[in-house]
Structures are given as C-alpha cells and as structure tokens.
Amino acid sequence: MAPSLRIAQDETADELLSSDPFALLLGMLLDQQFPMERAFAGPAKVKERFGTLDPAALAEAEPEAFADLCATPPAVHRYGRSMAGRIQAVAAVVRDEYDGDVTRIWTGVETAEVVRRLKALPGFGDQKARIFAALLGKQLGVQPAGWREAIGPYAEDGSRRSVADVTDETSLQEVRDHKKAMKAKAKADKTSGA
C-alpha cells in the first residue's frame with residue numbers, strides 16, 4: 001500500500017497524491033506563487049473535471065478547452081490558464097520520454113540523474129527539482145545511494161524547509177513559518193546591502 005501523504009490537507013486530494021505518482025508531480029508543478037496545500041489539491045481538481053490524469057490524454061487535450069477547465073472557479077491555480085499549458089507540457093514529456101510512466105524519471109537511476117531529469121521538465125528549476133527529489137526520498141522511500149548529498153539541505157532529517165517535510169497540519173505551518181522567515185531575512189539582507 002502507498003504511504004499516506006498529508007500535503008493537501010484534504011482526504012480526497014491526499015489519497016490521489018498517495019496513489020498516483022503523476023498527480024504528485026503535478027502538485028509539485030503547481031506549487032508556485034500559490035498556497036502549498038491548494039497547489040497539491042490541484043491534481044484532484046483536474047482529475048475530477050477532466051476524468052483522468054493519464055499523461056497521454058492530458059497532453060492531447062484541446063489546449064483552449066483544457067485551459068478553461070483549469071481556470072474555472074475554483075481554479076486549479078491562481079494562474080489557471082498558464083498552468084494548464086504547463087500541465088500539458090509536462091504530460092507530453094512524460095508521455096514521450098518516459099512512455100507515460102512518471103516513475104521512470106526516478107526509478108533505477110542515481111539521485112543526481114533524478115534531479116537532472118526533473119530540472120528538464122517544463123516549470124521545474126533546480127530548487128523545485130531538489131525539493132521534489134527530497135519529497136520522494138523522505139516520504140516515498142526513493143533513496144538511491146548518496147541521495148541526501150545530491151539533494152542538499154532539503155534532504156536533512158527533521159528540517160522544515162519544504163513540502164518534503166509536510167506530514168500533517170503542524171508541519172505544514174512549520175514549513176510556512178520557515179519560508180516566511182527566509183523571505184524576511186532575504187529582504188533584510190537586500191535592504192542592508194549584505
């Protein structure tokens with residue numbers, strides 16, 4: 001049985017994230033300029049409205065109709081229409097480069113290669129790739145040799161840096177507090193010229 005993730009703080013959405021690795025990847029994609037738990041609830045909205053999260057079906061959906069589906073309130077994301085395009089772009093990569101099986105991104109390869117593959121996805125930069133790799137390692141047991149070193153601080157035990165550390169409401173708030181403190185520090189450093 002798949003581990004029970006508690007990222008979206010919604011039973012239906014978390015069950016989907018726990019059972020469908022592509023849903024989890026889409027949640028990470030949507031986790032940008034949007035509350036974390038709402039981003040990770042997005043895949044459940046897409047599945048409910050579109051009927052499937054099959055990468056081939058998503059990639060082949062008519063773009064305008066799919067954008068409408070994602071932007072319809074309550075929207076999948078603050079920027080529902082543009083994120084619809086990213087969802088379709090990621091789905092196309094999974095369909096074309098990984099035979100529709102998202103787990104091929106992280107199965108049977110070293111963590112550095114996992115991070116490289118994730119960074120190559122539309123909407124994923126270095127930080128997002130490392131956070132997702134940390135999520136795979138910490139909560140799903142995807143831990144090739146050297147995974148902590150390859151990921152860096154996001155892989156630290158007991159940290160509260162990212163979605164990789166969210167296991168309940170309390171840890172969600174701790175991650176939020178950490179992010180808020182980091183933003184305040186960056187703003188103070190910028191102001192002081194540090």
Side-chain angles (χ1 to χ4, degrees), residues 1-8 14 16-34 36-37 39-40 42-43 46 53-56 58-59 77 82-83 85-167 171-172 174-176 178-179 181-183 185-186 189:
M1 185 174 152
S4 184
L5 299 171
R6 296 275 323 274
I7 300 168
D14 282 330
L16 180 62
L17 296 172
S18 298
S19 64
D20 185 337
F22 188 63
L24 188 61
L25 183 75
L26 292 182
M28 189 74 222
L29 173 69
L30 296 170
D31 187 17
Q32 175 181 330
Q33 299 178 336
F34 199 53
M36 183 187 316
E37 67 277 16
F40 279 88
V46 172
L53 288 183
D54 175 66
L58 288 169
H77 190 275
S82 65
M83 282 300 187
R86 284 204 181 158
I87 290 170
Q88 288 191 283
V90 167
V93 170
V94 171
R95 176 196 64 195
D96 298 344
E97 295 181 26
Y98 300 101
D99 296 322
D101 181 359
V102 72
T103 64
R104 288 184 176 189
I105 293 173
W106 57 81
T107 303
V109 295
E110 294 180 4
T111 305
E113 178 62 12
V114 173
V115 172
R116 187 197 68 71
R117 290 176 178 187
L118 290 167
K119 282 171 51 176
L121 294 174
F124 278 73
D126 184 66
Q127 183 179 30
K128 188 175 289 250
R130 289 178 189 281
I131 290 170
F132 191 74
L135 174 60
L136 293 172
K138 286 181 167 183
Q139 296 201 40
L140 300 182
V142 178
Q143 302 176 349
W147 75 280
R148 288 188 191 277
E149 295 77 16
I151 295 168
Y154 296 108
E156 290 174 2
D157 273 332
S159 69
R160 292 292 185 253
R161 295 179 188 276
S162 72
V163 67
D165 305 308
V166 175
T167 57
S171 57
L172 173 65
E174 290 170 349
V175 168
R176 265 204 190 103
H178 173 79
K179 287 182 171 189
M182 291 296 97
K183 284 181 182 177
K185 182 185 180 315
D189 289 350

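One-based numbering along the sequence shown. The shown structure was predicted, so the numbers you read here are calculated from the model rather than taken from an experiment.
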Any chance you could measure [X], atom [atom1], to [Y], atom [atom2], to the nearest 0.5 Å?
{"X": "Ile151", "Y": "Ile131", "atom1": "CD1", "atom2": "CD1", "value": "10.5 Å"}
{"X": "Lys185", "Y": "Met182", "atom1": "NZ", "atom2": "CE", "value": "6.5 Å"}
{"X": "Leu5", "Y": "Leu135", "atom1": "CG", "atom2": "CG", "value": "6.5 Å"}
{"X": "Gln33", "Y": "Leu30", "atom1": "CD", "atom2": "CG", "value": "12.0 Å"}
{"X": "Leu17", "Y": "Phe22", "atom1": "CG", "atom2": "CZ", "value": "12.5 Å"}
{"X": "Leu53", "Y": "Leu16", "atom1": "CG", "atom2": "CG", "value": "5.5 Å"}

- Message: Show, in sequence, the C-alpha distance, side-chain angles and deciding distance for Arg176 and Glu37, and conclude whether the salt bridge (charged side-chain N to carboxylate O under 4.0 Å, His left out) test is met.
- Response: CA-CA 11 Å; Arg176 265 204 190 103; Glu37 67 277 16; 2.5 Å; yes
For [Y], does its backbone N or O pair with a side-chain atom of [X] as donor and acceptor, under 3.5 Å?
{"X": "Lys128", "Y": "Met28", "value": "yes"}
{"X": "Arg130", "Y": "Gly125", "value": "no"}
{"X": "Asp99", "Y": "Asp101", "value": "no"}
{"X": "Gln88", "Y": "Met83", "value": "no"}
{"X": "Asp14", "Y": "Ile7", "value": "yes"}

[Y] side chain reached by [X] side chain, heavy atoms, under 4.5 Å:
{"X": "Leu140", "Y": "Leu24", "answer": "yes"}
{"X": "Phe124", "Y": "Val115", "answer": "no"}
{"X": "Arg161", "Y": "Val175", "answer": "no"}
{"X": "Thr167", "Y": "Leu172", "answer": "no"}
{"X": "Leu58", "Y": "Val46", "answer": "yes"}
{"X": "Val109", "Y": "Pro144", "answer": "no"}

Determine which pairs satisfy salt bridge (Lys or Arg N to Asp or Glu O under 4.0 Å) with at least one residue from [range], sequence neighbours left out, and list them in order.
{"range": "residues 144-153", "result": "Arg148-Asp157"}
{"range": "residues 131-140", "result": "Lys138-Asp165"}
{"range": "residues 87-97", "result": "Glu60-Arg95"}

- Query: Should the heavy atoms of other residues, nucleotides or ligands under 6.0 Å from CD of Glu113 be counted, would the total exceed 12?
  - Reply: yes
- Report, as yes or no, whether the 6.0 Å neighbourhood of atom CD on Gln143 holds more than 12 heavy atoms from other residues, nucleotides or ligands. yes
Can you give me the closest heavy-atom contact between [X] and [Y], atom names plus distance?
{"X": "Ala59", "Y": "Ala91", "value": "N-CB, 3.8 Å"}
{"X": "Val114", "Y": "Ala133", "value": "CG1-CB, 4.5 Å"}
{"X": "Pro122", "Y": "Ala89", "value": "CG-CB, 3.7 Å"}
{"X": "Tyr154", "Y": "Ala134", "value": "O-CB, 3.4 Å"}
{"X": "Pro43", "Y": "Gly27", "value": "CG-N, 3.5 Å"}
{"X": "Pro55", "Y": "Gly100", "value": "CG-O, 3.8 Å"}

- Message: Once side chain to side chain contact (heavy atoms under 4.5 Å, CB included) is applied, do any residues pair with Glu174, and if so which ones, sequence neighbours excluded?
- Response: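 In terms of side chain to side chain contact (heavy atoms under 4.5 Å, CB included), with neighbours along the sequence ignored, Glu174 is linked to Arg160, Thr170, Ser171.
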- Item | Set of ring pair (Phe, Tyr, Trp, His ring centres under 6.0 Å) partners for Phe34, sequence neighbours left out | His77
- Message: Restricting to ring pair (Phe, Tyr, Trp, His ring centres under 6.0 Å), what partner residues turn up for Trp106, sequence neighbours left out?
- Response: Phe132
- Message: I'd like to know if the side chain of Gln139 pairs up with that of Arg6 as donor and acceptor (distance under 3.5 Å, no hydrogens or angles considered).
- Response: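 Looking only at side-chain atoms, Arg6 and Gln139 do not form any donor-acceptor pair under 3.5 Å.
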